[in-house]
Amino acid sequence: MKFTPAKPPLTGETLASLTEKLRALGEPAFRAKQILDWLYKKRARSWDEMTNLSKPLRTWLDATFDLMPATLVFNKQSHDVTDKLLLELRDGSLIETVIIRVPQEGVGLDESRKTICISTQVGCAMACAFCASGLAGLKRDLSAGEIVAQLLQVCYREDERSPRARPELASFDNIVVMGMGEPLANYDATLGALAIVNAEWGLGFGARRITLSTSGLVPKILRLAEEPLGFRLAISLHGATDEVREKIMPVNKAFPLAKLIPAIRTFSEKHGRMVTLEFILIEDINDSLDQARALRDIALDLHAHVNLIPYNTVEGLPWKRPSLTRQEKFADILRAARVSVTLRREKGHDIDAACGQLRLKTERDRADAA
Ligand code: SAH
């Protein structure tokens, strides 16, 4: 399930790996940093822009690396605050990267705070019953370079829309690893990509502004707890009892709540920060007030934040979001116990922002056209 491109992406190189390759050519040690500066700080889109490199070196780079392994297919802008980039990889695979703008008083949307949602796999093997990403199973893992490329594509786009005071910095404020795929099932590439994003020679982006979301792979959560970089963690809970969770998330069979909850506790104790429990509200599936009470107890026990997300309908799936009244009643049970809770106002519903939907639609259209 691995794809080996003709040329490895430059976005997958670390300062150390690039230095090593250039040393073999007889290039001085500072050359790798110069090249990565062109890529991440000056956002060069072609080798020829890298004017302080010799022509023969640029020719070698072009023959050796793919500068950008993801091509923008299209950008779909919603009427609210969400932008979605559909990217095509070298093997024709499609992935989605979402820009979520947080409206702020006194500034235009382009200048407002931005959270970027990135994908880590093409498709997904977790088979959550409600999710569009997993409908066709897992196609393949993304490489670290393909994961980093999504963020650079966002920088390209945002740089054009709103010049920044410090152009060498990333063009967004937060990263959530909540796009297509299960990041902890593609652990090495995901963590490798985030190390590049975090590095001073890369995007220089703070680990504390990066949230990893998982469906609950317990051994990997425990491994993540040992990582030196302090990423934030979000857990896709979606059921507050095994009975309910198991119905919609097959992962619960291998890692039921009795295993998952202690792993979350270990993570939050190691990092001393609140974990987020995500809970999609789906009508008649997990929106009972009994579920609300069970969720409240878990959140209090873990001292976790709860993010309630009204379900985004997926074409071909029967699930619906509960009424606004039901959503509020559910949230009130948590609020009454002083649980830190947000009831998310939908963003991007009109552009199929729920994970995997845009890709699914485009692949269906392509299949129809073939
Ligand atoms: N595999 C990881 C990250 C990708 S899914 C995980 O499970 O956390 C990102 C989030 O979107 C998850 O919480 C997922 O359950 C949620 N999601 C999937 N389909 C959705 C839908 N139709 N409406 C709302 N949220 C959805």
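For reference, positions follow the sequence shown, starting with 1.
- A distance-only check finds a donor-acceptor pair linking the side chain of Gln153 to the backbone of Ala70 [under 3.5 Å].
- His238 and Phe130 have perpendicular rings, their planes meeting at more than 60° on a 0 to 90° scale where under 30° would count as parallel.
- Residue Arg208 qualifies as open at atom CZ: its count of foreign heavy atoms under 6.0 Å is 12 or below.
- No side-chain donor-acceptor contact under 3.5 Å links Ser171 and Lys114.
- No side-chain donor-acceptor contact under 3.5 Å links Glu226 to the backbone of Arg223.
- No path of Ile, Leu, Val, Met, Phe, Trp and Tyr side chains, each step under 4.5 Å between heavy atoms, connects Leu277 with Ile309, placing them in separate hydrophobic clusters.
- By the rule that hydrophobic residues join a cluster once side-chain heavy atoms approach within less than 4.5 Å of another member, Val275 and Leu300 end up as members of one cluster.
- Remark: Lys42 NZ is packed, more than 12 non-hydrogen atoms of other residues, nucleotides or ligands lying under 6.0 Å away.
- The closest side-chain donor-acceptor pair between Ser236 and Arg245, if any, does not fall under 3.5 angstrom.
- For the residue pair Trp201/Asp37, the side-chain donor-acceptor check at 3.5 Å is not satisfied.
- Proximity of a side-chain donor or acceptor of Arg43 to a complementary backbone N or O of Tyr40 within less than 3.5 Å is detected.
- Side-chain contact of Asp91 with Ser93: a donor-acceptor pair under 3.5 Å is present, judged by distance alone.
- Counting only N and O atoms by type, the side chains of Glu182 and Thr120 include no donor and acceptor under 3.5 Å apart.
- Counting only distance, with no hydrogens or angles, the side chain of Arg23 and the backbone of Ala29 share no donor-acceptor pair below 3.5 Å.
- A side-chain donor-acceptor contact under 3.5 Å links His305 and Thr342.
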Item to complete: Show your working on side-chain hydrogen bond (donor to acceptor under 3.5 Å, both in side chains) between Gln121 and Asp141 and close with a plain yes or no.
Response: CA-CA 4 Å; Gln121 296 182 311; Asp141 284 338; 2.8 Å; yes

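- No single ILVMFWY cluster, assembled from side-chain heavy atoms under 4.5 Å apart, contains both Ile264 and Met274.
- More than 12 heavy-atom neighbours from other residues, nucleotides or ligands sit within 6.0 angstrom of NZ on Lys7.
- Ion pairing between a basic and an acidic side chain is recognised when a charged N comes within 4.0 Å of a carboxylate O; Glu283 and Arg321 show no such pairing.
- Looking at Gln291 and Thr241, their side chains do bring a donor and an acceptor atom within 3.5 Å of each other.
- Note: Phe65 and Trp47 have tilted aromatic rings, judged against thresholds of 30 and 60 degrees for the angle between ring planes.
- Looking at Lys41, its side chain does come within 3.5 Å of a backbone N or O of Gly202 through a donor-acceptor pair.
- Placement of Tyr156 and Leu169 in two distinct hydrophobic clusters is found when ILVMFWY residues are connected by side-chain heavy-atom separations under 4.5 Å, directly or transitively.
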